[in-house]
Amino acid sequence: MKPILLQGHERSITQIKYNREGDLLFSAAKDTVVNVWYSVNGERLGTYNGHTGAVWCVDVDWDTKNVLTGSADNSCRLWDCETGKQLALLETSSAVRTCGFDFSGNIIMFSTDKQMGYQCYLNFFDLRDPQQIDDNQPYLSVPCSESKITSAVWGPLGEFVIAGHENGEINQFSAKSGEIQKKVKEHTKQINDIQTSVDLTMVISASKDNTAKLFDSTSLDHIKTFKTERPVNSAAISPIMDHVVMGGGQEAMDVTTTSTRIGKFEARFFHAAYEEEFGRVKGHFGPINCVAFHPDGKSYSSGGEDGYVRLHYFDPQYFDFELEA
């Protein structure tokens, strides 16, 4: 089936997220706008306007009531999903790189960049306590002095956050105490993206060291490795099959000197158990920055450096992809 092209951004896409039902797709980009789309036909539902810098991250809670965004304008904002009204503004001293709701939708976490002399912090707010929001005082703020957080997700039951760092480390931060519960370093370079499986038992990390790796989310045991020849910008786990999809490509500055074929701007499908690649999907005119599976597993979408979001539908039993000779 022909992919649906979502054209609603003027600059490169930074993150895409489906809600739990999968009827909505949220896209954040460097052009300060957050869009929400109907995933079934690619129609744009609306935008969340207010940020004044590149938006690095977006998340939506369990019952699609609220949306959380983090931006380079040094703020993390909470929105009403239905109306697009801004509910809360949390100001920080540096750019907000990652953000996320826990499973209940009551606790939010976000991490700030290490820049302009400011430390990287992982902040936790309880939305049930309006005082925290009004005073801009998180109930827990964890400094990350060694290496800044580049990607983070909530673990199962909202007990901890799994964070990937610039130096390739993956840490578990307790949401109660802020302590590091577990630490692994399987990657040699920066971790670009971390995503969980649908049941939160596994996480997949995408790294600049040309690999994506599968971990057990509780023990952080390393399970599988998927190797490519290019930096991996994003990876996602299929909710219904033993498949992972990965998106990547070379650095943006090298792109102009190569043709689209050499640029390897395809989404690549690997078998999760055998670690073997079995399919590729071409499409983007530039590196793929983020990939996400639809919760029903029957489609996936990718957001690229070219500013487009592409929705691909497929029958998971039969992958009619171009296979490399």
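A donor-acceptor contact shorter than 3.5 Å links the side chain of Thr14 to the backbone of Val55. No donor-acceptor pair closer than 3.5 Å links the side chain of Ser12 to the backbone N or O of Asp306. Using modelled atom types, no side-chain atom of Thr69 and backbone atom of Val58 make a donor-acceptor pair closer than 3.5 Å. No donor-acceptor pair closer than 3.5 Å links the side chain of His187 to the backbone N or O of Lys189. Within the 3.5 Å criterion, the main-chain N or O of Val291 finds a donor-acceptor partner in the side chain of Gln195. Using a distance-only test at 3.5 Å, with no hydrogens or angles considered, no donor-acceptor pair links the side chain of Asn123 to the main chain of Ser141. With hydrogens and angles ignored, the 3.5 Å screen pairs no side-chain donor or acceptor of Thr47 with any backbone N or O of Asn35.
In this structure, Arg97 does not pair ionically with Glu166, as no charged nitrogen and carboxylate oxygen lie closer than 4.0 Å. Checked for salt-bridge contact, Glu266 and Lys282 miss the test: no charged N lies under 4.0 Å from a carboxylate O. Electrostatic pairing of Asp126 and Arg128 counts as a salt bridge here, judged by a charged N lying under 4.0 Å from a carboxylate O. No salt bridge links Glu82 with Lys85; every basic N to acidic carboxylate O contact stays at or beyond 4.0 Å. Using a 4.0 Å cut-off between charged side-chain N and carboxylate O, Arg77 and Asp73 make a salt bridge.
A tilted orientation is assigned to the rings of Phe173 and His165, their planes being inclined by 30° to 60°. In this structure, Phe278 and His271 have perpendicular ring planes: the angle between them is above 60°, well past the 30° mark.
Atoms NZ and OG, from Lys148 and Ser94 in turn, are 9.0 Å apart once rounded to the nearest 0.5 Å.
Surrounding CD of Glu275 are more than 12 heavy atoms belonging to other residues, nucleotides or ligands, all under 6.0 Å away. When the shell of 6.0 Å around OH of Tyr308 is examined, it contains 12 or fewer heavy atoms from other residues, nucleotides or ligands.
Residues satisfying the side-chain hydrogen bond (donor to acceptor under 3.5 Å, both in side chains) criterion with Asp59, sequence neighbours excluded, are Lys17. For the ring-ring contact (aromatic ring centres under 6.0 Å, His included) test, residues two or more places apart in sequence or in another chain that qualify with His222 are Phe215. Every residue two or more places apart in sequence or in another chain was checked for a side-chain hydrogen bond (donor to acceptor under 3.5 Å, both in side chains) with Lys30, and none qualifies. Here Asn19 pairs with Glu21, Asp23, Thr64 under the side-chain hydrogen bond (donor to acceptor under 3.5 Å, both in side chains) rule; sequence neighbours left out. Remark: Phe101 engages no residue in a ring-ring contact (aromatic ring centres under 6.0 Å, His included) (not counting sequence neighbours). Residues satisfying the ring-ring contact (aromatic ring centres under 6.0 Å, His included) criterion with Phe293, sequence neighbours excluded, are absent altogether.
Aromatic pair Phe103/Trp154: centroids not less than 6.0 angstrom apart. Separation of the His294 and Tyr313 ring centroids does not fall under the 6.0 Å cut-off.
Asn66 places a side-chain heavy atom less than 4.5 Å from the side chain of Leu87. Taking the side chain as every heavy atom from C-beta outward, Leu25 and Leu6 approach each other to under 4.5 Å. When side chains are defined from C-beta on, Lys213 does not count as touching Phe226, because their heavy atoms never get closer than 4.5 Å.
In terms of heavy-atom proximity, Tyr48 sits nearest to Cys81 at OH-O, 2.7 Å. Residue Ala292 comes nearest to Tyr18 through the heavy atom pair O-CE1, 3.7 Å, listed as atom of the first residue, atom of the second, then distance.
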